[in-house]
2 protein chains.
Amino acid sequence: MVTDEKATSRKPLTRDRVLAAAVELADEAGIEALTMRSLAERLGVEAMSLYHYVANKEDLLDGVCELVLEEINDAVAEQPPATGPDDWQGVMRTRILTARTVVLRHKWLPSVLETRTTMSPATLYYHHDILAIFRAGGFSYDLAHHALHALGSRAIGFTQELFDPAPGSVDEDEAMEAFQQMAAQVPLLVEMLSEVAHEDPESTIGWCDDQTEFEFALDLMLEGLARRLAEEQARR
Amino acid sequence: MVTDEKATSRKPLTRDRVLAAAVELADEAGIEALTMRSLAERLGVEAMSLYHYVANKEDLLDGVCELVLEEINDAVAEQPPATGPDDWQGVMRTRILTARTVVLRHKWLPSVLETRTTMSPATLYYHHDILAIFRAGGFSYDLAHHALHALGSRAIGFTQELFDPAPGSVDEDEAMEAFQQMAAQVPLLVEMLSEVAHEDPESTIGWCDDQTEFEFALDLMLEGLARRLAEEQARR
DNA sequence: ACCTGAACACCGTTCAAGT
DNA sequence: ACCTGAACACCGTTCAAGT
């Protein structure tokens, strides 16, 4: 009668419980810590038991991506709809930035999502909604199709940054020294960095998905798409 | 005296030979086939011997990326310089598309490069040159810095596509049938795909780094950056 | 100095066996 | 039906030992 919510290990295993535990494990310990054995241990079970709920590890990873995309769809569902046909740009912007807040809670998602080979239902649903916003804004299917490709993962709120240092792995003094040494080889990079004056002086363009840079690039794309839309409509 | 060029297995091992063999192996059999054991076998040696030339597998992967980036720098070095200060956009475009031709010869590069945490010398050099083009075009360091972030991996000629099916894994009939079934759930996606009529009808936005889509997005970014530059110069 | 063989600590996954 | 233990075929990597 009185169910003990904490004693999750006593509830029967289900696919959903397995996937939810996998997401928690990845959030807490990183995606490399998500192994069949460690996941089983967290669930108080042997590794082989998991194969009753997931076909194999790939299926597990498909499942955790699906779970996060459902979380994104939920977050996005509370958004206000477009106020008019000319509002597509603002709606798209807040939609993508909302998705991004969810992705930032699951930092491992980009790397896993990029290894998926099929779009899950929740992913299809998300992109269907994105497409609907473009269509409401007056995009032809052809232009909307280019737009979806151009946005790529940015539509889901992330871009895979190149060369982001592992957290805590940066020795600032050492990095600064290394940079001084290559001043002769790459003087412009050194000068640029001394001018923009990051908190982290060693991270040239390698800074994980910083919010400001994300929005800068997103606005560049959205403005560009607006221009392509205007060109398309002028042609008619 | 007469060196047999084919008998590579008899030449003494060097770091360069190890890295070059690793690149070949990845090109031929895919990045997942690049293991210490298989690489050793290709070189006619035991796996443990490799540790005299690379510190560990991460170091090996750093090395193969460095090798490809040197290949990109070589390819790009033959390019004509800018014809004038207003030519930065054209120079940047051909530079990036040239880099892309090299990346397409090493399809595994994107996934490996995105797991690197430090920029190798060749990578720094490449980006230094990109920065030089922006500077010659009149960009402030601040704007050029945003531009480098916005381009991200696109500067090197690739974007990690979401959901590109493994080559040869697509069963067209099966995929088409699956799509018909979800017509009710995602009607706009279905309608869009029937209109744009890909060769591969099942790949919604999942199509690996197609040249047309790459150039569409690249031009969007470059035009956007040109606009930001004009805004910046108007402000002075 | 360069290479090797055996071994260790991990993986994902199979299989037959338990309840 | 659900879970388990032992085992297999892989990994990267260590260590002491060969030449």
Side-chain angles (χ1 to χ4, degrees), chain A residues 3 7-26 28-66 108 111-112 114-118 166 169, chain B residues 3 7-26 28-66 108 111-112 114-118 166 169:
Chain A
T3 57
T8 49
S9 58
R10 286 156 70 203
K11 288 192 295 192
L13 238 44
T14 62
R15 181 173 229 263
D16 282 346
R17 275 195 64 222
V18 169
L19 296 181
V23 169
E24 283 172 30
L25 183 55
E28 291 169 17
I31 191 67
E32 72 284 349
L34 176 58
T35 67
M36 300 302 276
R37 283 173 169 88
S38 66
L39 178 57
E41 190 180 18
R42 168 179 270 257
L43 288 163
V45 99
E46 293 299 314
M48 300 316 122
S49 306
L50 301 176
Y51 286 85
H52 283 267
Y53 307 99
V54 295
N56 47 41
K57 182 141 190 202
E58 281 299 291
D59 186 35
L60 175 69
L61 293 178
D62 283 344
V64 297
C65 287
E66 177 73 348
W108 45 268
S111 63
V112 181
E114 261 158 14
T115 61
R116 300 305 89 201
T117 52
T118 59
S169 77
Chain B
T3 57
T8 49
S9 58
R10 285 157 71 202
K11 289 192 293 191
L13 237 45
T14 62
R15 180 171 229 262
D16 282 346
R17 274 195 65 219
V18 169
L19 297 180
V23 169
E24 283 172 30
L25 182 55
E28 291 168 16
I31 192 65
E32 71 284 348
L34 176 57
T35 67
M36 299 303 276
R37 283 172 169 86
S38 65
L39 177 57
E41 191 180 18
R42 167 181 272 257
L43 289 163
V45 99
E46 294 297 313
M48 301 315 121
S49 305
L50 301 177
Y51 285 84
H52 282 267
Y53 307 99
V54 295
N56 47 41
K57 182 140 191 204
E58 281 299 290
D59 187 35
L60 174 70
L61 294 178
D62 283 344
V64 297
C65 287
E66 177 73 349
W108 45 269
S111 63
V112 181
E114 261 158 14
T115 61
R116 298 309 87 200
T117 54
T118 60
S169 77

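Residue numbering restarts at 1 for every chain, and letters A, B, ... go by the order of the sequence lines. The structure displayed is predicted, hence computed values, not measured ones.
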What is the distance, rounded to the nearest whole Å, between atom CD of Glu58(A) and atom C1' of dT13(C)?
14 Å

Where Leu43(B) and Ala21(B) come nearest, the two heavy atoms and their spacing
CD2-CB, 3.8 Å

Supply the atom-to-atom distance Tyr53(B) OH to Asp59(B) CG, rounded to the nearest 0.5 angstrom.
14.0 Å

Whole-Å distance separating the CD atom of Glu41(A) from the P atom of dC10(C):
12 Å

Within this structure, what is the NZ-to-P distance between Lys57(A) and dT14(C), rounded to whole angstrom?
15 Å

So do the side chains of Leu34(A) and Trp108(A) get within less than 4.5 Å of each other, counting heavy atoms only?
no

Return yes when atom CD of Glu24(B) has more than 12 non-hydrogen atoms of other residues, nucleotides or ligands closer than 6.0 Å, and no otherwise.
yes

Please give, in whole Å, the distance from dG12(C) P to Leu34(A) CG?
8 Å

Near DNA chain D, under 4.0 Å by heavy atom, which residues of residues 46-55 of chain A?
Glu46(A), Met48(A), Ser49(A), His52(A), Tyr53(A)

Heavy atoms only: give me the nearest Leu50(A)-Met36(A) pair and the separation to one decimal.
CD1-O, 3.3 Å

Measure from the side chain of Arg37(B), starting at C-beta and using heavy atoms only, and say which of dA7(C), dT13(C), dT4(C) lies closest.
dA7(C)

Let me see the working for Val18(A) and Leu60(A) under side-chain contact (heavy atoms from CB on, under 4.5 Å), right down to the final yes or no.
CA-CA 9 Å; Val18(A) 169; Leu60(A) 175 69; 4.2 Å; yes

In Å, rounded to the nearest 0.5 Å, how long is the span from OG1 of Thr117(A) to CG of Asp62(A)?
6.5 Å

Whole angstrom value for the distance that separates C1' of dT13(D) from CG of Leu39(B):
15 Å

Intermediate values then yes/no, side-chain contact (heavy atoms from CB on, under 4.5 Å), Arg116(A) and Glu58(A)
CA-CA 8 Å; Arg116(A) 300 305 89 201; Glu58(A) 281 299 291; 3.3 Å; yes

Whole-Å gap separating C1' (dT4(C)) and CG (Leu13(B)):
14 Å

For DNA chain D, what are the stems built from at least three Watson-Crick or G-U pairs in a row, each pair having both distances below 3.5 Å?
C:4-8 with D:12-16, C:12-16 with D:4-8

